[in-house]
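Have a look at the structure below, then the notes.
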Amino acid sequence: APGCARLRAGCGASRDTVLRAIAEHSRSHARLEGLDMASAKEMRDMVTKNRETLKAAIEAAAGKWESSPGGDAWSPRQNAEHAIGAEAYYGKQAAAILGGNPPAAIETDFATAADAAAALAKAGAEADKRFSWAEDRDLSKASGGKTLEGVLAEAAEHIAEHTANIKAAS
C-alpha cells in the first residue's frame with residue numbers, strides 16, 4: 001500500500017508522526033481490502049486531541065509569539081492564525097456535506113498567544129458542532145469532491161502540522 005514506505009520511514013520520528021503514518025497505512029490497506037476504517041467518533045477524537053496539543057503549543061510559544069525561525073518558516077503567531085482560521089473552513093465543509101448551517105467566519109488577528117488560545121476554543125467549539133453531526137455512515141458522504149472522512153482527516157493533520165511548526169519556531 002502507498003502508506004507502507006512512509007510507515008517504515010517513521011523510525012526516529014515523533015510518536016504523533018508515527019501514529020499518523022500508521023493510520024494512513026491502515027486506511028490504505030482498508031481501501032484495498034475493504035476493511036473497517038476509523039469511526040466518526042475516533043476521527044472527531046483525533047481532531048480534539050490535536051487541537052488540545054495546538055493550544056498547549058500556542059501557550060508555550062507566548063514568549064516567541066512574533067519570532068520566525070528564519071527563511072520561509074512562519075512565526076508561532078502566523079501558524080496559529082492560519083490554523084485557527086482553518087477551523088471555520090473545515091466546519092463549513094462538514095456542514096456542506098451533512099446539510100447544516102456553516103460556522104461564521106472568525107477574526108484571525110491575535111496580538112497575543114492568550115488571544116489565540118481563546119479564539120481556538122471558540123473556533124474549535126463551532127467546528128465541533130458540525131463534526132458532532134457525523135455518524136459512521138456519513139463518512140463516505142461527499143461535497144465538492146471531498147468526503148467527510150477526508151475533511152476530518154485533513155482537519156486533524158492540518159492542526160498537527162501547524163502545531164509542529166509552532167513548536168519548531170518557539
Side-chain angles (χ1 to χ4, degrees), residues 6 9-10 12-24 38-98 100-134 139 143-144 146-170:
R6 280 183 247 163
S14 73
R15 181 178 182 276
D16 284 342
T17 300
V18 171
L19 289 175
R20 281 192 301 277
I22 290 169
E24 180 180 296
S39 71
K41 181 185 181 323
E42 290 167 332
M43 297 191 82
R44 287 191 307 267
D45 289 348
M46 179 58 83
V47 171
T48 299
K49 176 185 169 280
N50 287 2
R51 196 180 292 128
E52 290 167 358
T53 305
L54 174 60
K55 181 179 184 266
I58 288 169
E59 292 170 343
K64 294 188 175 189
W65 190 236
E66 301 283 347
S67 300
S68 172
D72 292 335
W74 286 357
S75 69
R77 178 180 180 166
Q78 291 169 308
N79 276 284
E81 289 174 345
H82 174 76
I84 295 166
E87 290 280 352
Y89 170 76
Y90 293 117
K92 285 178 187 177
Q93 287 187 317
I97 292 168
L98 297 170
N101 293 326
I106 58 167
E107 174 60 41
T108 57
D109 183 19
F110 311 120
T112 68
D115 292 341
L120 176 61
K122 184 177 177 181
E126 286 298 314
D128 284 345
K129 283 180 189 175
R130 281 70 189 177
F131 297 160
S132 72
W133 303 335
L139 293 176
S143 177
K146 191 174 287 188
T147 65
L148 183 60
E149 179 185 25
V151 169
L152 291 168
E154 186 178 316
E157 179 61 30
H158 188 255
I159 294 167
E161 175 187 345
H162 288 284
T163 299
N165 292 349
I166 290 170
K167 288 179 179 180
S170 57

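Positions are given from 1 along the sequence. Below, each value reflects all heavy atoms present in this structure, side chains not excepted, and no hydrogens, waters or symmetry copies.
- Residues I84 and I106 meet the side-chain proximity criterion, which asks for heavy atoms closer than 4.5 Å.
- I58 is not listed as a side-chain neighbour of F110, based on a closest heavy-atom distance of 4.5 Å or more.
- Here the straight-line distance linking atom CD of E149 with atom CD of E154 works out to 12.5 Å at 0.5 Å rounding.
- Remark: side-chain polar atoms of R77 are not paired, donor with acceptor, to backbone N or O of S67 under 3.5 angstrom.
- Side-chain contact between K129 and P103 is absent, with no heavy atoms from C-beta onward closer than 4.5 Å.
- Taking each heavy atom of E157 and N50 in turn, the nearest pair found is N-ND2, 4.5 Å.
- In plain terms, the two heavy atoms of A156 and M46 that are nearest each other are CB-CG, 3.7 Å.
- Remark: E161 CD to N79 CG distance equals 8.0 Å, nearest 0.5 Å.
- Ion pairing of K41 with D45 is present here, as a side-chain N (NZ or NE/NH1/NH2) and a carboxylate O approach within less than 4.0 Å.
- If you take CD on E59 and OG1 on T112, they are separated by 10.5 Å, rounding to the nearest 0.5 Å.
- Across every non-hydrogen atom of M43 and A38, the tightest pair is CG-CB, 3.8 Å.
- The shortest heavy-atom contact between R44 and A134 is NH1-O, 2.8 Å.
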Could you walk me through whether L139 and L152 pass side-chain contact (heavy atoms from CB on, under 4.5 Å), step by step? CA-CA 9 Å; L139 293 176; L152 291 168; 4.0 Å; yes
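- A distance of 11.5 Å separates CG of L98 from CD of Q93, quoted to the nearest 0.5 Å.
- Electrostatic pairing of K122 and E126 does not count as a salt bridge here, judged by no charged N lying under 4.0 Å from a carboxylate O.
- For the atom pair CD (E87) and CZ (R130), the distance works out to 12.0 Å, reported to the nearest 0.5 Å.
- With a 6.0 Å radius and a threshold of 12 heavy atoms from other residues, nucleotides or ligands, D109 has its CG atom above the threshold.
- Put simply, the side chain of W65 never gets that close to the backbone of A61: no donor and acceptor are under 3.5 Å apart.
- Contact annotation: the side chain of R51 approaches that of L120 to within less than 4.5 Å [non-hydrogen atoms, C-beta and beyond].
- Heavy-atom minimum distance, K92 versus P102: CG-CB, 3.6 Å.
- Taking CD1 from I166 and CD from Q78, the interatomic distance works out to 10.5 Å, rounded to the nearest 0.5 Å.
- Of all heavy-atom pairs spanning F131 and Y90, the tightest one is CE2-O, 3.7 Å.
- Using cut-offs of 30° and 60° on the angle between ring planes, the pair H82 and W74 is perpendicular.
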